[in-house]
Amino acid sequence: MTTDLPELVQQRNVVTAIPGPVSVELMARRAASVSAGVGAAHPIFAARGGGGILLDVDGNSFIDMGSGIAVTSVGNSAPLVVEGVQEQVAKLTHTCFMIAGYDGYLDVCEKLNELTPGDHEKRSALFNSGAEAVENAIKVARSYTGRTAIVAFEHGYHGRTNLTMGLTAKAMPFKHGFGPFASEIYRMSTSYPLRDSRSGEQAAAEAISRMDAEIGASDIAAIIIEPIMGEGGFVVPAPGFLRALTDYATANGIVFIADEVQTGFARTGAWFASDHEGIVPDLVTTAKGIAGGMPLAGVTGRAEIMDAVHVGGLGGTYGGNPVACAAALGSIQTMIDLDLVDRAKQIGDVMNRQLSALAESTQAVAEVRGRGALMAIELVKPGTLEPDAALTKRISAACLREGVLVLTAGTYGNVLRFLPPLVIGFALLEEALDIITDVVKRESLVG
Ligand SMILES: *Cc1c(COP(=O)(O)O)cnc(C)c1O
């Protein structure tokens, strides 16, 4: 079974005012039917997606520089994902893996065990969302160590459930009014090269001395960190920072968890961002890019840690759903077939070149940073490091009007992040970067 839809034309094309009339109508229905608590970064409704294009309900084609937050890395409705899902959904939609198994779950776990950093013996467990993966990684770490304290970091983001809100650093919009949060969470400062002059080793030494003094190493179950802060604004820590933290964790029997929900699966020009740092986390959490848009998440790690949990302690009704597993297998196969790890590197080179040229030409861009197809610019008031969130918002809206969909991020709301699908054509990518360049220059003069 396949679809008879014509291929989506890989061309930017704005045919109405943005938002167009149909989107405006749907936004009105949305306001009357959907909780106001569910935000809307862009006032448009999507009809189709594929390659580097998102088509809206008014017939506007946007260049997609967000991939639904690093999810559709293989593109929307990627052929192998569509095929896998269609085949699977016709055969078996659900059993609950704990009631009756199916081999797709095993295939995904084997892939995770193979692709995540390190060649030690591993085990995996599957869930529905990134937050759920993070929660389960914490459960596993506590169960294995018999300890309770969890260390997280400034600018970190780990989800919206109660435990993961507690781990997340940013109050607005993620935590405000939603407390109390879980106890035994301690937040340390991270390494943020633009805003802090310390070396990676110095920043880690400070965090370590605080962990020793304020918690006590022998009471820490886990250290959890994103190898590159995602929602925090693609902050790449100074070299040596993560390595020093993993060394400390290993020396003290602490489970080191890399939250690779956003950075994983080829996005950064490696299978996992931890690979760039040469670190081997004890546990890795994955979601977003894993299954081409279907909800799936995983926790993967050292067999002795993952197996320490009592039988029945991990699970959930839908975790590792067969259709989502089929999507993941199609997505991973696409990454291998098209060598999307290498494509991510090439995309990164193109973005870095054009964004660095932009940074040279305007003082509003304080820094270009990221790895591979995960790149950002941080926007400031010229000549200072004062965050300019208003400018960031204006740029994002202006890009949309010109047919380029970008995402914002950052603890101070002043980061534009770029996460194109890894299958985007280079001409389309360069066109998007040209528009972004023009818009940033123009809007930063508005003041
Ligand atoms: C998005 C994200 C999560 C949460 O994932 P959900 O699927 O939204 O629950 C957790 N950690 C990181 C690093 C993320 O980027």
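Both ligands and their constituent atoms are indexed starting at 1 by order of listing. As the structure is a prediction and not an experimental result, all values here were calculated from the model.
Ion pair Glu184/Arg142 not flagged as a salt bridge, since none of the NZ, NE, NH1 or NH2 atoms sits closer than 4.0 Å to an Asp/Glu carboxylate oxygen. Using a 4.0 Å cut-off between charged nitrogen and carboxylate oxygen, Arg371 and Glu277 count as a salt-bridge pair.
Heavy atoms of Lys288 found under 4.0 angstrom from ligand 1 belong exclusively to the side chain. If you look at Ala131 next to ligand 1, the close heavy atoms, those under 4.0 Å, come from the backbone and the side chain alike. At a heavy-atom cutoff of 4.0 Å, ligand 1 is contacted by the backbone of His158 but not by its side chain.
Polar contact check, Gly130 against ligand 1: a nitrogen or oxygen pair lies under 3.5 Å apart. Considering backbone and side-chain N/O of Glu226, none are found under 3.5 Å from N/O of ligand 1. The shortest N or O to N or O distance between Glu132 and ligand 1 is not under 3.5 Å.
Considering only non-hydrogen protein atoms, atom 11 (N) of ligand 1 sits nearest to Asp259 OD2, 2.7 Å.
Interatomic distance, Met306 CE to Arg123 CZ, rounded to the nearest 0.5 Å: 9.5 Å.
The environment of Asp337 atom CG is dense: over 12 non-hydrogen atoms of other residues, nucleotides or ligands sit within 6.0 angstrom.
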Check against side chain to side chain donor-acceptor pair (under 3.5 Å), Asn414 and Thr392: CA-CA 5 Å; Asn414 66 323; Thr392 309; 5.9 Å; no
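Contacts classified as side-chain hydrogen bond (donor to acceptor under 3.5 Å, both in side chains) and involving residues 219-245 (residues at least two apart or in different chains) are given here: Glu231-Gln262, Glu231-Arg417.
Contact annotation for atom 8 (O) of ligand 1: protein absent (non-hydrogen atoms, distance under 4.0 Å).
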